[in-house]
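Scroll down for the structure; my scribbles are underneath it.
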Amino acid sequence: MNIKEVVGSIVETIIKVAALLFLISFVYDAAIKAYDFGFRVFAEEAVTTGEGRIISISVEQDDSVLDIGKNLEEKGLIRDANLFFVQELLSENHGKINPGIYDLSTSMKSDEMIAIMSAKSEETEDESKDKAASAGNADTEGSEDTQDESGAEDGGAAGDGETESSEGEETSDGNE
């Protein structure tokens with residue numbers, strides 16, 4: 001073996017070790033950042049503690065979640081718009097943020113802000129579910145044969161002119 005081959009193999013080994021160390025360092029840093037980001041998705045604290053400042057933001061109809069996050073970050077309500085995007089994506093209010101003007105505090109967490117900005121759609125959904133449920137209950141209650149205390153059916157007249165309503169409250173000709 002000559003000296004050139006020995007030096008060449010030593011240099012080749014040094015380059016391989018350096019590349020391996022660089023790769024390990026890169027993977028380690030990426031893993032630490034990924035863990036930190038993932039932890040913050042579920043455990044991000046508010047920007048300030050205590051009372052905080054109230055800041056009004058405007059959400060337009062065509063704003064994306066990332067646009068809203070950038071707006072919140074510019075106003076100092078959150079630390080990271082990309083984190084806000086992922087938090088909204090994983091929240092129960094995904095896709096429910098409504099346009100409008102909202103008063104948010106720097107002491108709120110991102111999930112609280114998302115819930116406030118989604119509150120109108122939840123209220124409307126709850127109202128429509130309540131209306132649908134009450135309409136369904138009215139249909140089923142109307143088909144049942146119910147009797148009042150005197151034994152007369154709902155369609156018939158009771159002995160003193162009073163009938164029992166579907167909720168069990170007695171009603172009369174306007175005198176309660």
Suppose we screen for side chain to side chain contact (heavy atoms under 4.5 Å, CB included). Which residues come up paired with Ser64, at least two apart in sequence or across chains? Leu66, Asp67
Got a sec, which residues hit side chain to side chain contact (heavy atoms under 4.5 Å, CB included) with Glu45, two or more places apart in sequence or on another chain? Lys109
The reported gap from OG in Ser107 to CG in Leu77 (rounded to nearest 0.5 angstrom) is 9.5 Å
Assigning hydrophobic clusters by single linkage (Ile, Leu, Val, Met, Phe, Trp, Tyr; side-chain heavy-atom cutoff under 4.5 Å), is Val47 placed with Phe84? no
In Å, rounded to the nearest 0.5 Å, how long is the span from CG of Leu89 to CD1 of Ile114? 10.0 Å
Closest approach of Glu51 and Ser105, non-hydrogen atoms and distance? O-OG, 3.3 Å
So how far is it from Asp63 CG to Asn71 CG, rounded to the nearest 0.5 Å? 7.5 Å
Between CG of Asn93 and CE of Met113, what distance do you get to the nearest 0.5 Å? 14.0 Å
Donor-acceptor pairs are to be reported for all side-chain atoms of residues 23-40 against protein atoms at under 3.5 Å, with residues two or more places apart or in another chain.
from	atom 1	to	atom 2	distance (Å)
Arg40	NE	Glu44	OE1	3.0

Does Ile78 belong to the same Ile/Leu/Val/Met/Phe/Trp/Tyr cluster as Ile55, with side-chain heavy atoms less than 4.5 Å apart forming each link? yes
Please name the pair of heavy atoms, one in Pro99 and one in Glu60, separated by the smallest distance, quoted to 0.1 Å. CB-C, 3.9 Å
Looking at side-chain heavy atoms only, is the closest gap between Ile57 and Asp103 below 4.5 Å? no
Look up atom CD in Gln61 and atom CG in Asn98, then write down how far apart they are to the nearest 0.5 Å. 8.5 Å
So OG of Ser91 and CD1 of Ile97: to nearest 0.5 Å the spacing works out to 7.0 Å
Please lay out, stage by stage, how Met117 and Val59 fare under the test side chain to side chain contact (heavy atoms under 4.5 Å, CB included). CA-CA 9 Å; Met117 291 186 282; Val59 176; 4.0 Å; yes
Are Val65 and Leu90 connected in the hydrophobic side-chain network, where two residues link if heavy atoms are under 4.5 Å apart? yes
Check: Ser110/Glu112 side-chain N/O donor and acceptor closer than 3.5 Å: no
Between the side chain of Ser118 and the main-chain N/O of Ala115, is any donor-acceptor distance below 3.5 Å? no
Side chain to side chain contact (heavy atoms under 4.5 Å, CB included) between Ile116 and Leu104: does it pass, once the steps are laid out? CA-CA 8 Å; Ile116 288 172; Leu104 304 174; 4.0 Å; yes
Linked, directly or transitively: Phe85 and Phe42 (ILVMFWY side chains, under 4.5 Å): yes
Less than 4.0 Å between a side-chain N and a carboxylate O, is that true for Lys70 and Glu74? no
Between Ala46 and Met108, the two heavy atoms sitting closest are CB-O, 3.5 Å
